[in-house]
Amino acid sequence: MAQKPGIPKGTRDFSPAEVSKRNYIINAIKRHFQTFGFQPIETPSFENLDTLMGKYGEEGDRLIFKILNSGDYLSKVRDDLYQTKDANKIALKITEKALRYDLTVPFARYVVMHQNDITFPFKRYQVQPVWRADRPQKGRFREFYQCDADVVGSKSLWQEVEFVQLYDAVFSSLNLDGVTIKMNNRKVLSGIAEVIGAKEKLIDFTVALDKLDKIGEEGVKNEMLQKGIAEEAIQKVQPLFGFTGSNKEKLQQLKELLSSSEEGTKGVEELSFIIEAIESLGLKSASLDIDVTLARGLNYYTGAIFEVAPPEGVQMGSIGGGGRYDDLTGIFGLKDVSGVGISFGLDRIYLVLEELNLFPETVSKQLDVLFINFGEKEALQAMRAIKVLRSKGVNAELYPDAAKMNKQMKYANKRDIPKVIMIGEQELNEQTFVLKDMKEGSQETHSFDHIENLF
RNA sequence: GUGGUUGUAGCUCAGCUGGUUAGAGCGCUGGAUUGUGGUUCCAGAGGUCGCCGGUUCGAACCCGGUCUUCCACCCCA
């Protein structure tokens with residue numbers, strides 16, 4: 001009985017055309033990572049469960065794909081525990097490995113394990129798939145690629161400046177103009193929470209604030225009230241709801257709002273430094289925008305927070321994100337190593353480029369020329385030509401069977417092969433070949449000796 | 001994890017309030033065309049209607065379950 005094939009939800013097959021396009025994006029990203037001085041590493045697809053657990057918050061823990069232990073894993077579960085049917089507790093007994101959830105935590109683990117071999121500051125990049133046991137929806141998959149660049153071992157804000165430039169360089173080279181690099185700072189958020197007297201509600205406060213563009217001012221206020229943030233406190237942050245103007249104006253407003261908070265003031269200073277540096281260095285096509293509602297990834301960011309929004313008019317979540325985390329390696333026993341990094345969301349960038357029709361036509365071209373097969377002797381002559389062409393880097397192939405011309409031409413047409421070369425009995429005898437342009441429909445005869453000068 | 005949505009030929013989809021043999025377009029194979037693709041014409045192949053169960057004389061259609069798709073929430077790239 002033939003079984004109906006299928007793949008798990010949230011996963012995808014990639015066709016040759018899709019792989020070409022994905023490689024086009026990946027190559028652009030890697031190229032710029034290298035020009036900015038980052039070095040590649042790779043880490044295993046799965047890690048020890050305890051390396052990952054507790055690093056992404058409660059929600060994150062739930063979304064980690066856990067790998068069942070091998071062997072008779074249930075025998076290790078005590079009967080009384082088994083009877084409780086407490087999935088979370090039992091899970092810890094029957095699984096000790098998990099698929100990686102992002103590239104940042106494995107990187108932190110890598111840095112700690114190899115600290116003696118690493119020269120700091122260490123700049124690494126990593127392009128590998130990650131897995132999340134999430135419900136898929138548009139632009140969200142259960143297996144997807146992250147393209148990360150991080151620096152550890154430097155507290156310099158020049159790193160942040162460089163990451164802004166890196167985002168700009170990559171998106172510009174992909175001709176994806178008009179992306180907005182949104183920037184915030186954890187210290188600013190802490191400062192705001194402190195000023196309004198809701199310091200212990202920082203996470204609730206920022207998560208609600210983050211939804212401003214989605215649920216509006218009233219929605220945010222309602223959620224804050226619901227989370228137990230006082231009415232008066234919310235009144236104090238009223239300026240944030242109409243937070244517009246240039247970056248300079250926003251900085252000025254923040255400075256006043258946070259003047260009583262030491263931490264908040266520090267955050268404003270950091271933002272100012274980056275903004276001023278970028279203003280004097282300039283960006284090619286992206287714009288940098290302070291967004292105090294930006295609050296993703298708060299579980300470990302301590303300074304700058306980045307998120308990249310696609311150009312206006314494209315319905316898609318963020319296509320990149322990142323930030324500074326002062327003590328990520330601390331949980332693995334290496335103190336005082338500051339890190340900062342960014343990530344590119346390959347799958348979403350793909351969808352955006354597709355929507356805006358920004359893939360160059362040449363990306364999907366696989367073969368330059370197809371040789372028509374007229375039989376054994378003719379095919380041998382074709383193979384001689386193919387050998388020469390390939391040595392010059394031309395993508396060439398012989399149709400494998402001496403099928404009907406009609407069929408071979410249809411094949412060339414369907415594969416979108418621009419040129420076809422025919423060497424039949426007559427051409428073989430005359431030491432010539434016929435070159436046909438599939439787009440124009442025109443063809444001409446050349447001497448076989450001239451084959452290498454064709455392309 | 002919560003709520004909703006979707007599933008019929010390789011693909012995109014019709015299919016009436018439940019009624020004989022489930023259709024179309026595109027694609028595929030062959031032919032018109034034995035050395036010329038894209039356009040045209042002719043012929044043909046291809047479906048246990050997602051899967052399991054129930055209601056009914058009778059189910060693609062109604063009901064339950066399950067898987068899948070897409071969307072929103074949570075969260076996030």
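Numbers restart at 1 for each chain; the letters A, B, ... are given by sequence-line order, proteins then strands. Both backbone and side-chain heavy atoms feed into the values below; hydrogens, waters and symmetry mates do not.
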Determine, for nucleotides 28-36 of chain B in 5'-to-3' order, which nucleotides have protein heavy atoms under 4.0 Å from the base (write B), from only the sugar-phosphate (write S), or from neither (write -). S-SS---BB
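Between the side chains of A:Gln137 and A:Arg135, no donor-acceptor pair is found at a separation under 3.5 Å.
The side chain of A:Arg132 has B:C76 as its nearest neighbour among B:C75, B:C76, B:C71. With B:A77, B:C75, B:G37 as the candidates, the nucleotide lying closest to the side chain of A:Lys214 is B:C75.
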I'd like to know whether A:Phe371 forms a ring-ring contact (aromatic ring centres under 6.0 Å, His included) with A:Phe433, so could you lay out the CA-CA distance, the side-chain angles of the two residues, the decisive distance to 0.1 Å, and finally the verdict. CA-CA 10 Å; A:Phe371 282 72; A:Phe433 64 88; 7.7 Å; no
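Donor-acceptor pairing under 3.5 Å, judged by distance alone, is absent between the side chain of A:Arg135 and the base of B:U69. Side-chain to base pairing of A:Arg140 with B:C70: no donor and acceptor N or O lie closer than 3.5 Å to each other.
Heavy atoms of A:Phe344 sit nowhere under 4.0 angstrom from any nucleic acid atom.
Among residue pairs with one or both ends in residues 214-224 of chain A, those qualifying as side chain to side chain donor-acceptor pair (under 3.5 Å) are A:Lys211-A:Glu223, A:Glu217-A:Lys221, A:Glu217-A:Gln238, A:Lys221-A:Gln238; sequence neighbours excluded.
The distance from atom OH of A:Tyr301 to atom C1' of B:C76 is 11 Å, rounded to the nearest whole Å.
Listed by chain and number, the residues in a side-chain hydrogen bond (donor to acceptor under 3.5 Å, both in side chains) with A:Asp177 are A:Ser285 (sequence neighbours excluded). Contacts of A:Tyr101 classified as ring-ring contact (aromatic ring centres under 6.0 Å, His included), with partners at least two apart in sequence or in another chain: A:Tyr56.
Taking the centre and axis of the six-membered ring of A:Phe65, the NZ or CZ atom of A:Arg142 falls outside the cone set by 45° and 6.0 Å.
Within residues 9-33 of chain A, the residues having any heavy atom closer than 4.0 Å to RNA chain B are, in order of number, A:Lys9, A:Gly10.
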Parsed dot-bracket for RNA chain B after applying the Watson-Crick and G-U rules with both distances under 3.5 Å and | for other-strand partners is ((((..(..((((.....[...)))).(((((.......))))).....(((((..]....))))))..))))....
